[in-house]
Number of protein chains: 2
Amino acid sequence: MVTIKDVAAHAGVAFKTVSRVVNNDPTVKPKNREKVLKAIEELGYRPNRAAQMTRRKKSGVVGFIADELLRVPYTFDLIRGAQDLAWKHNKELMVLNVNVDKYSVEGAVNHLFEHRAEGIIYAAMYHREVTLPAQFSEVPTVLANCYDSSNDYPSIVPDEKEAAREITTSMLRKGYKRIAFLNLNENIIAAKLRKQGVEQAFADAGVSPDNLIIESVIVGDENEERSVTRKRAAELIKNFKPDAILCGQDPMAVEVYFVVQALGLQVGKDIGIGSFDDWDIIPSLVQPGLTTMALPHYEMGQWAFNYLLEERTDKVKESARFTLVSRQSF
Amino acid sequence: MVTIKDVAAHAGVAFKTVSRVVNNDPTVKPKNREKVLKAIEELGYRPNRAAQMTRRKKSGVVGFIADELLRVPYTFDLIRGAQDLAWKHNKELMVLNVNVDKYSVEGAVNHLFEHRAEGIIYAAMYHREVTLPAQFSEVPTVLANCYDSSNDYPSIVPDEKEAAREITTSMLRKGYKRIAFLNLNENIIAAKLRKQGVEQAFADAGVSPDNLIIESVIVGDENEERSVTRKRAAELIKNFKPDAILCGQDPMAVEVYFVVQALGLQVGKDIGIGSFDDWDIIPSLVQPGLTTMALPHYEMGQWAFNYLLEERTDKVKESARFTLVSRQSF
DNA sequence: ACCCAAATAAACAACGTTGTCTTTTTGTAA
DNA sequence: TTACAAAAAGACAACGTTGTTTATTTGGGT
């Protein structure tokens with residue numbers, strides 16, 4: 001590979017001058033600068049990042065530990081949010097996908113330490129509490145889409161309660177009067193908070209809680225559990241007769257669409273449906289399009305990266321707002 | 001940060017001895033090795049990768065350029081396939097998400113050159129032809145999920161024809177006799193090849209092509225185009241009266257499910273449905289589960305990385321087999 | 001005890017950069 | 001012209017490693 005000295009020889013200057021040109025040092029005469037740039041061009045010189053790092057004693061590397069993250073598609077926006085900013089600031093985002101079976105978190109952190117990462121973003125697949133190994137205390141760390149039990153790290157999580165309040169309020173404002181909320185399993189923090197938000201919206205609007213029913217459904221990948229969702233939804237519609245159904249996540253909403261259609265009803269006309277996540281193409285795949293609260297993953301990724309960039313040290317617990325994506329389902 | 005010299009001082013040996021221990025050089029007396037390991041442990045020493053790289057003149061970095069990749073969730077398996085192998089061989093997979101609006105491919109390649117990447121995997125979001133800038137010729141490059149017009153680079157793509165042949169044959173073997181294939185737009189290479197595969201299966205089975213109808217549907221994100229799919233599917237069912245429908249991608253299949261249900265038919269009973277992709281949770285979200293040909297993204301990622309690892313130079317055009325994921329839709 | 005080869009450890013240079021200090025060149029005022 | 005400060009360029013060390021060469025220690029055979 002061509003080095004700074006090759007360029008210097010080719011341009012007929014001292015190698016330090018080349019370094020100056022590369023680093024935009026203004027104390028280089030225009031004529032020399034031109035010669036050097038020409039030589040760089042001709043030889044196809046590119047600075048060696050590893051050598052720069054050793055000398056500068058700065059790595060420019062920020063680690064991104066994705067805790068099982070990549071099994072849910074839209075969470076990738078977390079990475080994009082961080083990556084876009086990293087690129088803009090000429091930093092390296094080193095993404096490590098940790099997976100209990102294969103790479104331990106410890107392994108990932110070691111890896112990052114060897115690269116002298118200047119900060120670490122630890123992101124979880126779904127909003128939850130995590131416990132980090134002690135190693136993390138050696139380097140600035142931010143949690144995204146999760147928070148730690150001991151309050152040792154700053155974190156940013158989606159504002160579940162506000163999202164639930166917002167979508168419910170939106171439903172009530174549109175004239176829906178009787179809402180069934182098919183919530184996720186309530187031992188998930190998101191479900192707990194959303195329940196509060198929905199109730200809050202009813203209270204704010206002065207609508208009697210008699211017109212609200214909240215049920216938790218355990219959602220998993222297996223077909224049994226999926227059919228449970230359908231059965232519950234069918235029962236709810238029959239017994240509670242809601243004019244709108246709010247679902248804990250978009251895949252649940254798809255199932256409700258099928259149930260509604262099977263009952264001969266039309267989504268968005270006979271019954272409103274709303275949901276959470278904005279999961280990949282799902283909301284635009286169904287017809288009519290599903291109105292859903294989009295998770296603020298991109299923003300969380302950006303916020304996390306920015307926290308590190310600004311070298312903040314406050315242990316803030318930030319929350320990020322969902323965005324209401326209106327389609328035609330209510 | 002603690003350096004190799006700090007460890008040496010703490011252990012009372014020359015710093016070169018520490019280096020030897022770190023690199024598993026056998027010519028270190030057990031007693032010294034122990035002393036050094038103890039010192040490493042106590043000081044929390046971690047080798048500086050940047051310094052190693054400068055001295056060794058090897059980066060251990062493999063670049064992964066994801067061309068708009070990350071907008072389709074399952075394509076992430078391409079990265080996982082490469083990443084898992086990278087980890088195993090103690091290499092760094094540097095993932096760069098290129099996006100026409102933001103980072104040019106050239107920018108990404110420059111970046112990788114600065115890191116002295118030893119190879120580059122260029123992966124596309126969907127199976128297609130690409131044209132790479134000349135820069136790539138400076139470093140070993142493999143294409144994944146795409147191929148280049150000029151045959152300058154080795155590539156691996158999904159074996160579309162074989163996949164189509166396989167799933168069609170599977171349908172025919174299960175007794176379906178009259179199949180409608182809702183293909184993707186035929187200017188997509190995948191669609192062209194799959195059509196051949198489907199026809200081949202009919203020929204192999206000795207079934208008259210009168211029992212096969214193939215239509216292309218342009219699929220996009222917009223609602224109009226989606227409704228086109230539904231209309232076409234409804235017409236096909238009414239006019240051609242197929243006993244099975246093969247769809248060009250899972251999202252299309254979901255729409256067909258809705259159409260089928262609206263017509264009062266039952267998927268898997270009154271009509272079989274098959275598809276391509278194994279797109280995220282979609283196939284297991286619908287009921288009955290959708291039988292689909294899973295794209296071999298993970299394998300392609302592995303193959304591509306392995307090609308670079310083995311320092312191959314042959315310009316092979318490899319193809320990877322889909323996997324039939326049987327659920328209950330046919 | 002002594003020699004000598006083999007085993008081990010140390011010393012020193014090198015990797016490709018940037019930081020610091022010194023030297024040379026340039027331009028201006030006398 | 002000469003003097004002299006400012007600007008520019010160069011020389012050299014340093015970053016934290018590993019490769020290579022040189023020095024020391026070890027141990028077995030006399």
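Below, each value reflects all heavy atoms present in this structure, side chains not excepted, and no hydrogens, waters or symmetry copies.
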Could you go through nucleotides 25-27 of chain C and list every protein N or O atom that sits under 3.5 Å from one of its N or O atoms, giving the distance for each pair?
none

Could you give the side-chain donor-acceptor pairs of residues 13-23 of chain B under 3.5 Å, partners two or more places apart or in another chain?
{"residue": "Asn23(B)", "atom": "OD1", "partner": "Arg56(B)", "partner atom": "NH2", "Å": "2.9"}
{"residue": "Asn23(B)", "atom": "ND2", "partner": "Ser19(B)", "partner atom": "O", "Å": "2.8"}

Review point. Stepwise, does the salt bridge (charged side-chain N to carboxylate O under 4.0 Å, His left out) test hold for Arg33(B) with Asp25(B)?
Key: CA-CA 10 Å; Arg33(B) 179 180 304 278; Asp25(B) 188 317; over 6 Å; no

Practice item. Return the orientation label for the Phe136(B) and Tyr122(B) ring planes: parallel under 30°, perpendicular over 60°, tilted otherwise. Key: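 Perpendicular.
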
Exercise for review: Produce a footprint string for nucleotides 10-20 of chain C: one letter per nucleotide, 5' end first; B if the base is under 4.0 Å from any protein heavy atom, S if only the sugar-phosphate is, - if neither.
Suggested key: BBBBBBBBBB-

[X]/[Y] ion pair, N-O < 4.0 Å:
X	Y	value
Asp148(A)	Lys315(A)	no
Arg49(A)	Glu114(B)	yes
Lys38(A)	Glu34(A)	no
Lys91(A)	Glu118(A)	yes

